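To start, the structure itself, in structure tokens.
Small disclaimer: the values here were computed from a predicted structure and weren't measured.
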Amino acid sequence: MSTRTVHLDIRGMSCANCSQTISDALESLDGVSEASINFATDEGTVEYDPAAVSLAELYAAIDEAGYEADRASRSIGITDMSCANCAETNESALESVPGVIEAEVNYATDEASVAYNPADASLGDLYAAIEDAGYTPVRDDADGSDESDRDRRDAARQAEIRKQRRLTIFGAVLSAPFLFFLADKFLLGGAYVPETVFGVSFGWVEFLLATPVYVLLGREFLENSYTALARNRTANMDVLIALGSSTAYLYSLVVLLGLLAGNLYFDTAAMILVFITLGNYLEARSKGQAGEALRKLLEMEAETATLVDADGNETEVPLEDVSVGDRMKVRPGEKVPTDGVVVDGQSAVDESMVTGESVPVEKGSGDEVIGSTINENGVLVVEATKVGEDTALQGIVQTVKEAQSRQPEIQNLADRISAYFVPAVILNALFWGLVWFLFPEALAGLVGWVPVLGLVGGGPAALSTFEFAVVVFASAVLIACPCALGLATPAATMVGSTLGAQNGVLFKGGDVLERAKDVDTVVFDKTGTLTTGEMTLTDVVALEDEGEGKGARAAADGGDAAADGGAVATQSRLDESEVLRLAASAERDSEHPLAQAIVEGAEERGLELVDAEAFENVPGQGVRATVDGREVLVGNRRLLESEGVDPSPAEGEMERLEGEGKTAMLVAVDGAVAGVVADADTVKESSADAVADLRERGLDVMLITGDNERTARAVAERVGIDPDNVRAGVLPEDKADALEDIQSTGRKAMMVGDGVNDAPALAVAHVGTAIGSGTDVAIEAADVTLMRDDPLDVVKAIRISEATLAKIKQNLVWALGYNTAMIPLASLGLLQPVLAAGAMALSSVSVLSNSLLFRRYTPDRDYELLGRLRR
């Protein structure tokens, strides 16, 4: 077997055991002969058989072991691709480069997305692989910036459009006389076109007109065909065009030289190439239009920023000179230069270009703002928090690009068909050409000749057997179009993912676009998803006697303990202020929203809080702390019971508060229940409408939360979720198990959460959807990120998914239906080669045009009116 050695830089190792773990994980793979991992240098060397195990599998094994091998990702523009087979060829060429982990080439965007090991592969290697495959990479320049990269690709695309336009005009000018010749021959009886010119056959005039067209327009197809067949051992669309046009041209030349008797088809050869080149021109323009929305988004970036120093001096600098921590002044009507937080001023900011929110959002001190959004009124001073590639806008663009490179599963059908399509078309053309040559009379009688669709001369009866067989062969290879099939999915996916970004919905990949429409269950987290997540303190209740719980507990132990309990029972109870002061002091070190609401409530009441002498957070239960020498517990029933404290004295108050939809927390002091504090969260205005809309679509809607049963059911009732679909008291680490349990019955669930505590559940869901603020654009665990805090955008995501897949299916039906209908017509001699070439070009353009029409799709509905009607 042939072995290959790969050198890896590995992050995350902390000891020699880590290196051994990685070695064991790699050597467990079939095909890996040796894995040597060095903890001291954070490096590794692996010897493996590439025929048995791929580099991607090596990386996956390291990831699963809990470590990370260094990798680089690059998007490379590729010109000269003419069909999906070209994309497959480039993928194979890139994946054959040592060090390349995976490669995906998108024919619709003319781009390759490559992940590679920078220790073993370089950009030069990737460019060389593309060139060796016969295509042209758009090379990086010295600075390597994203902006220059975009400029180069746009320049390459515009150059291709200009080139195809020039060739089309050139070919059309020389081919225009052929239209007159054909009209004279069929409509005017040959009254104007002589048989000879200066004693020379008029066919030489046709030769002089057709030859420049064949040489200049056909050269690219001939060269690409040679590359595909001789170098890549594959056949693509260029092979079909080269075969069809060359057959017509060379046959006519042989007849013109007197080597065979027959008609001339120079007009056919020329017009075939003109029609195909015109199709390429329109296709290149359509591709440019499909990506136009994303380019416009990038063009909305501010070019400069006004920096403000500590003395108030203002300096205007280029955007690339802004650093994190810089303070920028943004005047009314100006764009916010980069992501940041408002440190001074108040204004309304138009965020529609990023979040899809049409109403300007009020911003004040402490609020986050997104780069490239527009300040409507008022002057803001913004401190930069993210710059360059880390900004929200760049995150959106990168997410959309990744979505366009990751194709839906339905694309696999098109890829499988395309892989065998061109060879099958050639074999079909050869078969029918041979059959027409051997059995012309039998086939003519069987077909029942249709002159309207027939060939020059009225069919096989008017042509020699060989000539008719040649024409059938040319028509059969020209009518088949793998381009339309290859464009059907990526063109629609490209528009759909961009459309999602324009509406504040980011899909991680085309495969996610496909999956979202299939969900039958939507599972919402409560806090921060259906509710605002902005907790406020609403109630503080002190129990009648602090010592009741302790006395009861002591009585259970018997003897002196009971006496102690009785002594405690005579103590004065804690009042509400003291209960709140102790609870808030215990919660000061907690970052949980419930804890922060208690602290803020105590501070608003003017209570003097102290630092806890000891603090421990108990996930999913509460906190344990020592305050002023007293042991304080703040949390749910489970926390108190685990500490041996009986929560029953406060049960009545807990049930009352939870029945009101509030989150109630017990406060225990020195082993006894002292009181209850409660926070409330506001249900979002659009939550009920979102749930109602999802249920109208026939989807089950569920609620999963760590909150208690009564509070969860109260919120569920307010938004319209069936009480039987509520799962309460679920710890963050158990939410993933709950999702798996829901999906174990065959459900396809979309989990909607805030992307923090819900990350494990988002990862295991059929579709994980993170709902968050505008700057939180890329939560790793989620498949879909919603830019706004609006549950209605869940409906929007599903609608975009459905519309995109519907458009893909339309394209595939057109592409497959076209070939299904037209190939038999050409094979049976019922279609002229020129008409076949025109139809071939039209099929690709129509698929792209159908995808471009999708840009007009609007996933919004009048939810405000709908909500009023429901209420």
**OP:** Taking the side chain as every heavy atom from C-beta outward, state whether Ile161 and Tyr281 have any pair of such atoms under 4.5 Å apart.
**Re:** yes
**OP:** Report yes or no: does Glu91 contribute a side-chain atom to a donor-acceptor pair with the main-chain N or O of Val105 at less than 3.5 Å?
**Re:** yes
Original post:
side-chain contact (heavy atoms from CB on, under 4.5 Å) between Leu243 and Ile426: does it pass, once the steps are laid out?
Top reply: CA-CA 9 Å; Leu243 275 175; Ile426 295 173; 4.0 Å; yes
**OP:** Determine the minimum heavy-atom distance between Tyr135 and Ile78, stating which atoms define it.
**Re:** CB-CG2, 3.9 Å
Subject >> Side chain to side chain, Pro791 and Val752, heavy atoms closer than 4.5 Å >> reply: no
Subject >> Pairs meeting criterion salt bridge (Lys or Arg N to Asp or Glu O under 4.0 Å) with involvement of residues 159-171, two or more places apart >> reply: Lys163-Glu220
Original post:
Do Ser851 and Asn811 touch side chain to side chain, with heavy atoms closer than 4.5 Å?
Top reply: yes
Original post:
Roughly how far, to the nearest 0.5 Å, is CG of Asn850 from CD1 of Ile808?
Top reply: 11.5 Å
Original post:
Side chain of Arg515, backbone of His766: donor and acceptor closer than 3.5 Å?
Top reply: yes
Original post:
Out of Leu762, Leu513, Thr769, which one pairs with Val784 under the side chain to side chain contact (heavy atoms under 4.5 Å, CB included) rule?
Top reply: Thr769
Subject >> Contacts of type salt bridge (charged side-chain N to carboxylate O under 4.0 Å, His left out), residue Arg219, not counting sequence neighbours >> reply: Glu223
Original post:
Can you list the residues that meet the salt bridge (charged side-chain N to carboxylate O under 4.0 Å, His left out) rule with Asp80, with sequence neighbours excluded?
Top reply: none
Original post:
Where is the tightest heavy-atom contact between Val505 and Asp793, given as atom of each residue plus distance?
Top reply: CG2-O, 4.3 Å
Original post:
Side chains of Trp432 and Asn428: does their closest heavy-atom pair fall under 4.5 Å?
Top reply: yes
Original post:
Does Ser846 reach the side chain of Trp814, with side-chain heavy atoms less than 4.5 Å apart?
Top reply: yes
**OP:** Grab the two heavy atoms, one from Ser175 and one from Met271, that are nearest each other, plus how far apart they are.
**Re:** CB-CG, 4.2 Å
**OP:** Take Ile276 and Leu217, measure what side-chain contact (heavy atoms from CB on, under 4.5 Å) needs, and give me the verdict at the end.
**Re:** CA-CA 9 Å; Ile276 297 298; Leu217 273 66; over 6 Å; no
**OP:** Mind listing the closest non-hydrogen atom pair of Gln164 and Asn280 along with its distance?
**Re:** OE1-CB, 3.6 Å
Original post:
Is the number of heavy atoms from other residues, nucleotides or ligands within 6.0 Å of CZ (Phe180) greater than 12?
Top reply: yes
Original post:
Between the side chain of Ser801 and the main-chain N/O of Ala797, is any donor-acceptor distance below 3.5 Å?
Top reply: no
Original post:
Between atom CG of Leu94 and atom OG1 of Thr89, what is the distance when rounded to the nearest 0.5 Å?
Top reply: 11.0 Å
Original post:
Between Asp520 and Gly746, what is the shortest heavy-atom contact and its length?
Top reply: OD2-O, 4.3 Å
Original post:
How far does OG of Ser245 sit from CG of Leu478, to the nearest 0.5 angstrom?
Top reply: 7.0 Å
Original post:
Taking atom CZ of Arg799 and atom CG of Asn503, what is their separation to the nearest 0.5 Å?
Top reply: 10.0 Å
Original post:
With side chains defined as the heavy atoms from C-beta onward, is the minimum distance between Leu699 and Met750 less than 4.5 Å?
Top reply: no
Original post:
Quick one: does Asp783's side chain have a donor or acceptor within less than 3.5 Å of a partner on Gly768's backbone?
Top reply: yes
Original post:
Does any non-hydrogen side-chain atom of Leu167 lie less than 4.5 Å from one of Leu273?
Top reply: no
Original post:
Are Lys796 and Asp790 ion-paired here, with the side-chain N under 4.0 Å from a carboxylate O?
Top reply: no
**OP:** Can you sort out the partners of Lys748 under salt bridge (charged side-chain N to carboxylate O under 4.0 Å, His left out), two or more places apart, ordered by chain and number?
**Re:** none
Subject >> Those residues that, when tested against Phe275, pass ring-ring contact (aromatic ring centres under 6.0 Å, His included) (two or more places apart) >> reply: none
Original post:
Of the non-hydrogen atoms in Thr804 and Ala492, which two are nearest, and what is the gap between them?
Top reply: CG2-O, 3.8 Å
Subject >> ring pair (Phe, Tyr, Trp, His ring centres under 6.0 Å) pairs, two or more places apart, involving residues 819-844 >> reply: none
**OP:** Measure the spacing between CD1 of Ile241 and CG of Leu222 and express it to the nearest 0.5 Å.
**Re:** 10.5 Å
**OP:** Evaluate side-chain contact (heavy atoms from CB on, under 4.5 Å) for Asp110 paired with Thr79, printing each intermediate quantity in order.
**Re:** CA-CA 6 Å; Asp110 292 328; Thr79 61; over 6 Å; no
Original post:
Any side-chain heavy-atom pair from Val495 and Tyr857 closer than 4.5 angstrom?
Top reply: no
Original post:
Under 3.5 Å, is there a donor-acceptor pair between the side chain of Ser225 and the main chain of Asp238?
Top reply: yes
**OP:** Rounded to the nearest 0.5 Å, what's the gap from CG on Leu805 to NZ on Lys807? Could you check?
**Re:** 12.5 Å
